[in-house]
Amino acid sequence: MSMDTIITVDRLPESHAEAERIAAQLQRLAEAFDLPDPDISVWVDDSGTLGDIRLGCYHHSYQIEGLATLARILSRLIPDEVRIEEEGLHDDFWAETHTYRAGRRIRSGTKEWVEHDVTE
């Protein structure tokens, strides 16, 4: 079984310095929570406009413990929403998404894996 976990900060940084500060916070949290092979990236389009900041842990074989706590901490440090997405078959679900703001979970959702015949 392989899982992917992606933590997205839904904030458009106003400067490269702010993007670097948020990425550094993600790095410290990744180390504190012992996340497997964290990949931190800042989306930048062709014109140099900054976008989402993400921390991804890809192709791991277990559900990461403490993600809710990590998201609560991060959502207190950053004044916008923090979204956690876990994809992979676990607990009979294919994916779970949780969104946090100001230390509180504000939305959750799941996608259940359902096998069925495809007909045209």
Side-chain angles (χ1 to χ4, degrees):
M1 173 178 66
S2 179
M3 294 184 64
D4 294 334
T5 301
I6 301 167
I7 299 168
T8 304
V9 177
D10 287 334
R11 175 172 178 76
L12 300 178
E14 295 177 9
S15 66
H16 286 281
E18 182 183 14
E20 290 173 10
R21 180 183 57 79
I22 294 171
Q25 290 172 332
L26 283 171
Q27 183 62 45
R28 285 192 298 277
L29 287 169
E31 291 168 3
F33 282 82
D34 198 26
L35 298 183
D37 299 320
D39 176 30
I40 298 171
S41 62
V42 178
W43 185 85
V44 182
D45 71 8
D46 292 338
S47 69
T49 302
L50 296 166
D52 286 349
I53 301 172
R54 295 183 178 199
L55 184 159
C57 300
Y58 304 102
H59 309 295
H60 51 91
S61 60
Y62 56 90
Q63 199 166 2
I64 299 171
E65 297 293 324
L67 286 176
T69 303
L70 187 153
R72 284 185 177 97
I73 292 169
L74 189 58
S75 70
R76 286 184 178 140
L77 295 172
I78 298 168
D80 288 298
E81 293 183 357
V82 172
R83 187 175 61 251
I84 293 183
E85 300 168 89
E86 293 181 280
E87 296 181 352
L89 189 59
H90 57 85
D91 298 333
D92 295 325
F93 291 104
W94 176 73
E96 291 183 351
T97 302
H98 305 285
T99 304
Y100 296 81
R101 183 185 300 138
R104 297 179 186 263
R105 186 178 349 190
I106 59 172
R107 278 189 300 281
S108 291
T110 58
K111 293 180 185 176
E112 190 170 353
W113 182 265
V114 179
E115 291 187 34
H116 59 84
D117 295 333
V118 177
T119 57
E120 293 183 19

How would you list, by chain and number, every residue that makes a side chain to side chain contact (heavy atoms under 4.5 Å, CB included) with R11, sequence neighbours excluded?
V9, E14, E18, I22, I78, P79, D80
Which residues pass the side chain to side chain contact (heavy atoms under 4.5 Å, CB included) test with S41, sequence neighbours left out?
R54
To which residues is I6 joined in a hydrophobic cluster, defined by side-chain heavy-atom contacts under 4.5 Å among Ile, Leu, Val, Met, Phe, Trp and Tyr, whether direct or through other members?
Y58
Can you name the salt bridge (Lys or Arg N to Asp or Glu O under 4.0 Å) partners of R107, sequence neighbours left out?
E81
Can you tell which of I53, I40, L55 makes a side-chain contact (heavy atoms from CB on, under 4.5 Å) with I7?
L55
So, taking the atom named CG in L12 and the one named CG in D52, what distance separates them when rounded to the nearest 0.5 Å?
7.0 Å
Do L77 and L26 share a hydrophobic cluster (ILVMFWY, side-chain heavy atoms under 4.5 Å, transitive)?
yes
With sequence neighbours excluded, tell me which residues meet salt bridge (Lys or Arg N to Asp or Glu O under 4.0 Å) with R83.
D10, E85
Tell me, yes or no, whether the heavy-atom count around R21 atom CZ, taken from other residues, nucleotides or ligands under 6.0 Å, exceeds 12.
yes
Exercise: identify the closest heavy-atom pair between H59 and D4:
N-OD1, 2.9 Å
Contacts under 3.5 angstrom, residues 27-34 side chains, donor-acceptor by atom type, not counting sequence neighbours:
residue	atom	partner	partner atom	Å
Q27	NE2	E31	OE2	3.1

Please list, one pair per line, the donor and acceptor atoms closer than 3.5 Å that link side chains of residues 65-76 to other protein atoms, with sequence neighbours excluded.
residue	atom	partner	partner atom	Å
S75	OG	A71	O	3.1
S75	OG	R72	O	3.1
S75	OG	G103	N	2.8

For T5, enumerate each residue passing the side chain to side chain donor-acceptor pair (under 3.5 Å) test, keeping only those at least two apart in sequence or located in another chain.
H60
Nearest heavy-atom contact between V42 and G51 is CG1-O, 4.4 Å
Going by the rule side chain to side chain contact (heavy atoms under 4.5 Å, CB included), which residues pair with D45 if we only count those two or more places apart in sequence or in a different chain?
W43, S47, T49
Could you tell me the separation between the OG1 atom of T110 and the NE2 atom of H98, rounded to the nearest 0.5 Å?
8.5 Å
